[in-house]
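Here's the structure, in structure tokens; my notes come after.
Whatever order the structure lists them in is the order used to number ligands and atoms, beginning at 1. Position 1 is the first residue of the sequence, and the numbers go up from there.
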Amino acid sequence: MSKSKWTKIEEILDGKKTGKTIHIHGWIYRTRSSGNIVFAVIRDVTGILQVTIKKGNLSDKKFDDAKNTLVESSVEVVGIVKEDKRAPGGYELQVTDYNAINFAEPFPIVKDQSPEFLLDKRHLWIRSQKLTSILKIRSTVVGAIHKFFRTNGYYEFDAPVLQPNQCEGGSTLFEVKYYDNKTYLSQTWQLYAEAAIFSLEKIYNMGPTFRAEKSKTSRHLSEFWMAEMEAAWMDLYDVIEVAKDEVKYILKEVITHNKQELNILNKNINKLKKILESDFPTITYTEALEILKEKENMDVKWGKDLRTIEENKLMDHFEIPVVVTHYPIEIMAFYKPRDPDDSKTALCFDMLAPEDYGEIVGGSQRSLDLEDMKKRLKESGENIENYDWYFDLRRYGSVPHAGYGLGVERLVAWICGTDNIKDAIPFPRTILRYKP
Ligand code: ATP
Ligand code: MG
């Protein structure tokens, strides 16, 4: 294989190319000129590098090109690497040849623009240092999820995206015309996963998930990626441990592979390392209400779901993720079973992240009680005939099983410290936005 003549910027910043003539290609990140000299900063996927172009070191035509390549122009540059303490990263390139590949028009994104404007220009804004760093971390997170499950004996299993049933509540369904019928975009992989555990036993998946979230929040997308697992022969307490291990595994991969990106995002790596070394506490919903009462003087009526404000207040008392179990059965989906020792509560859990990032994982043991599930579906106005295929799973060799879903963007938002979940996905979809 022929060795590429192109050098990546990170190799220059390593210091190993000092004094050498090298070729780089990339985009103009910043540029300014005065008289016979142009100072530009060029970026590639690995970093940014200062380049200095002096009239006389290359043809006049090329010097003029260097003056005329505005921000985001694409260029090829040849030069000699010099150490320079004043340059970002401590090195600069003294240019001997310069080829403009594309002279960019004036770039529409300048400093201090509104979040809405940046979302309109998302196709350009994803080049920013901030979004590039987040997208690199997201790539690590996604890779880590596959690695975690595959090294622990799980099969990847795919469910249909077009589904005839709802699973998480009719109000958030996206309806899709399906020839002469209608289907819905997947709200979860779970019901199909429950069919597959009878042969594959331990399975996982990561895929796009759709929920028509009607309220504007900084935690909800209409299209998001959920990483789910389901396993035969596991109970609530088993899957809680898997979820804790998974989150720690992902954090460890990010700390190992994304130091540069975490620094760009001003994240405290030592704080993340401390989280990795901590035991995540498990408390019950009832204990969570007690903490809210004692420490925050907040009265939450037993039976009410924890809203964002209550989750945030609770998490003010923790610096690490917390698992909350045993929510009231009344507010839980039909497939979450009653706890036989406390029939007012369900064998379910949420994992909440600190710093107001909210629920990052939600899961449960699965009900094996056909009649109870039918009753609860009917009460919520569902046509139970649509679920007959699902009920078959309780008729032929039913086994204890459990599973959960982890919100990829919620986790990325928390790790990266973004203000809004929208920055944890390249092209966010929300109630107010489906473009570009
Ligand atoms: P919430 O109460 O925050 O709406 P949920 O209980 O509806 O969450 P689950 O059905 O348990 O969530 O889904 C599993 C995980 O998927 C959640 O823990 C969360 O991380 C993520 N998630 C759920 N809804 C969304 C959404 N609209 N946008 C982004 N992530 C989501
Ligand atoms: Mg929800």
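- Using a 4.5 Å cut-off on side-chain heavy atoms (C-beta onward), Tyr434 and Phe427 make no contact.
- Ring geometry, Phe174 versus Phe210: the interplanar angle exceeds 60°, so the pair is classed perpendicular (tilted spans 30 to 60°).
- Contact residues for ligand 1 (protein heavy atom closer than 4.0 angstrom to any ligand atom): Glu168, Arg211, Glu213, Arg219, His220, Leu221, Phe224, Met226, Glu359, Ile360, Val361, Gly362, Gly405, Gly407, Arg410, Ile421.
- The side chain to side chain donor-acceptor pair (under 3.5 Å) test applied to Lys147 returns Glu253, not counting sequence neighbours.
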Check: residues 102-114 side-chain donor-acceptor pairs under 3.5 Å, at least two apart:
| residue | atom | partner | partner atom | Å |
| --- | --- | --- | --- | --- |
| Gln113 | OE1 | Val110 | N | 2.8 |
| Gln113 | NE2 | Pro108 | O | 3.3 |
| Ser114 | OG | Phe117 | N | 3.1 |

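- At least one side-chain heavy atom of Ile145 sits under 4.5 Å from a side-chain heavy atom of Glu246.
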Under 3.5 Å donor-acceptor pairs involving side-chain atoms of residues 346-355, not counting sequence neighbours:
| residue | atom | partner | partner atom | Å |
| --- | --- | --- | --- | --- |
| Asp350 | OD2 | Tyr327 | OH | 3.3 |
| Glu355 | OE2 | Lys271 | NZ | 3.1 |

